[in-house]
Amino acid sequence: MTTTAAPPRMRIVRHPLKYRLLEVKRVERVTPGTVRVTFAGDALEGFCEQAPTDHVKLCFAAPGQELPTEPLVENDTWMDAPVEPITRDYTIRHYRREARELDIDMVLHGTGVGSGWAAAARPGMKLGVFGPRGSEQIDLVHDWYLLGADETALPALARWLEALPAGAKALAFAEVPGPADEQPLATAADATVVWLHRGDAEPGTTDHLERAVRAAELPPGLGFAWVAGEANTLRPIRRHLRNDRGLTRDQVDVDGYWKRGTANHDHHEDEHTPHA
Ligand SMILES: Cc1cc2nc3c(=O)[nH]c(=O)nc-3n(C[C@H](O)[C@H](O)[C@H](O)COP(=O)(O)OP(=O)(O)OC[C@H]3O[C@@H](n4cnc5c(N)ncnc54)[C@H](O)[C@@H]3O)c2cc1C
C-alpha cells in the first residue's frame with residue numbers, strides 16, 4: 001500500500017475563460033473514423049492545459065454564417081445571450097506551447113455539427129475554441145488505475161496513460177469499431193491496454209466496457225477508476241465501481257461524453273464527480 005499523509009484528492013483548477021478564433025493548420029486521419037485537426041496561431045498565447053481530461057468547447061458557425069458566434073463572457077462567467085454559440089466538447093489531445101499548436105481528435109460518427117465539420121476540415125478553415133474552463137487534477141499516488149473509453153474518450157485515455165508515472169499499475173479498456181481503429185498509446189506506467197472491438201454494432205449499444213470492467217482483476221491497494229464514453233452504457237459501470245467494488249466518490253470519475261439520440265449531451269447532468 002502507498003502511504004500518504006492525506007487521502008489523494010481530485011481538485012478543479014480554474015482557468016480564465018477565454019474565446020479564441022483559430023485557424024486549421026493540418027488535418028490528418030489518425031484512424032479510419034477519427035480526424036486529427038491541428039490549430040495554430042498567436043491567438044493560442046496563454047492557452048493552459050494541465051490534466052488528462054482537459055477539454056474545450058469548439059464553437060461552430062451557424063448555417064449561412066462564415067464565423068462562429070462568440071460566447072458572451074462577463075466577469076469570467078459565460079452568460080446567456082440572445083444568440084448562443086453552437087458548441088461541442090472536445091479533449092485537448094496535445095498542446096505544443098512553443099509551436100503554439102493544438103491537436104483535437106474528432107470522431108466521424110456521421111451526424112452532428114462536430115462530426116460534419118471534422119469530415120470537411122481543411123487547412124485555412126477557422127473555428128472558435130472556448131476554454132478550457134478548468135483542469136480536473138488528481139493526485140497520481142494510487143496503487144492502480146482502471147481506465148476505460150470508447151473512441152470519443154480515447155484522446156483523454158491516451159493522455160491518462162501519458163500522465164501516469166513510471167511503475168504505476170494501469171489496466172485500460174478501449175472500445176473501438178475494429179483493429180484499424182486502434183492507436184499506439186505511449187506510457188511510462190506498467191500498463192495493460194485491452195482493445196475491445198464492437199464490429200458492426202452501433203456505437204453506444206454494446207456492453208463491452210461494462211463486461212470488461214466487471215471481469216477485471218484489480219491489484220490490492222488504493223485505486224482510481226476513470227471511464228468515459230456513451231452516457232447510458234456507463235451507468236451500470238458507475239454503479240458497479242461504487243457498489244460492488246466499494247470505490248469511494250473520490251476514487252471514481254465516470255463521465256458520459258455523449259448520449260445516443262441526444263445532440264450536444266450535457267455531461268454535467270450525469271451523476272459523476274464534479275468536473276471542470
Ligand atoms: C469532456 C468531453 C470530452 C470529449 N472529447 C471528445 C474528443 O476528444 N473527440 C470526440 O470525437 N468527441 C469528444 N467528446 C464527445 C463529443 O462532444 C460528442 O460526441 C458530441 O456529441 C459530438 O458532437 P456532434 O455535433 O458531432 O454530434 P451531436 O450534434 O452532439 O449529436 C448528433 C447525433 O449524433 C449522436 N452522436 C454523438 N456523438 C456520437 C458518437 N461518437 N458516435 C455515434 N453517435 C454520436 C448523438 O447521440 C446525436 O444523436 C467529448 C465529450 C466530452 C463531454
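Order of listing sets the numbers, starting from 1, for every ligand and every atom in it. What you see is a predicted model; the values in this text were computed from it and never measured.
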Q.
Can you tell me how the ring of Phe60 sits relative to the ring of Tyr90, calling it parallel under 30°, perpendicular over 60° and tilted otherwise?
A. perpendicular
Q.
Can you classify the ring geometry of Tyr257 versus His267 as parallel (below 30°), tilted (30 to 60°) or perpendicular (above 60°)?
A. perpendicular
Report yes if [X] has an N/O atom closer than 3.5 Å to an N/O atom of ligand 1; otherwise report no.
X: Pro203; result: no
X: Thr53; result: no
X: Ala263; result: no
X: Gly256; result: no

**Q.** Nearest-0.5 Å distance that lies between atom OH in Tyr95 and atom CG in Asp103
**A.** 11.5 Å
With heavy-atom distances below 4.0 Å as the criterion, list the atoms of ligand 1 near [X].
X: Thr111; result: 26 (O), 27 (O), 32 (C), 33 (C), 34 (O)
X: Met106; result: 11 (O)
X: Arg260; result: 47 (O)
X: Lys259; result: 46 (C), 47 (O)
X: Asn264; result: 28 (P), 30 (O)
X: Pro155; result: 8 (O)

Q. Has His265 got any heavy atom lying under 4.0 angstrom from an atom of ligand 1?
A. no
Winner among [options] once heavy atoms are compared against [atom]:
atom: atom 3 (C) of ligand 1; options: Trp117, Phe60, Tyr257; answer: Tyr257
atom: atom 12 (N) of ligand 1; options: Thr152, Thr262, Asp255, Asp150; answer: Thr152
atom: atom 9 (N) of ligand 1; options: Asp266, Asp105, Val107; answer: Asp105

Q: Could you tell me whether His267 approaches ligand 1 through its side chain, its backbone, both or neither, with non-hydrogen atoms closer than 4.0 Å?
A: side chain
Q | Part of Tyr90 within contact of ligand 1 (heavy atoms, under 4.0 Å) | A | both
Q: Carefully, step by step, assess Arg260 and Glu230 under the rule salt bridge (Lys or Arg N to Asp or Glu O under 4.0 Å).
A: CA-CA 7 Å; Arg260 242 176 103 72; Glu230 200 280 331; over 6 Å; no
Q. Are Val27 and Met125 co-members of a hydrophobic cluster defined by side-chain heavy atoms under 4.5 Å apart?
A. yes
(Q) I'd like to know if Arg214 pairs up with Asp244 as an ion pair, taking the criterion as any Lys NZ or Arg NE/NH1/NH2 lying under 4.0 Å from an Asp or Glu carboxylate oxygen. (A) yes
**Q.** Trp258 side chain to Asp89 side chain, donor-acceptor N/O pair below 3.5 angstrom
**A.** no
Q. Does the separation of the ring centres of Phe130 and Trp78 fall below 6.0 angstrom?
A. yes
Q: Check whether any side-chain heavy atom of Arg198 lies under 4.5 Å from a side-chain heavy atom of His208, and answer yes or no.
A: yes
Q: Kindly indicate whether the side chain of Leu102, heavy atoms from C-beta on, has any atom under 4.5 Å from the side chain of Leu44.
A: yes
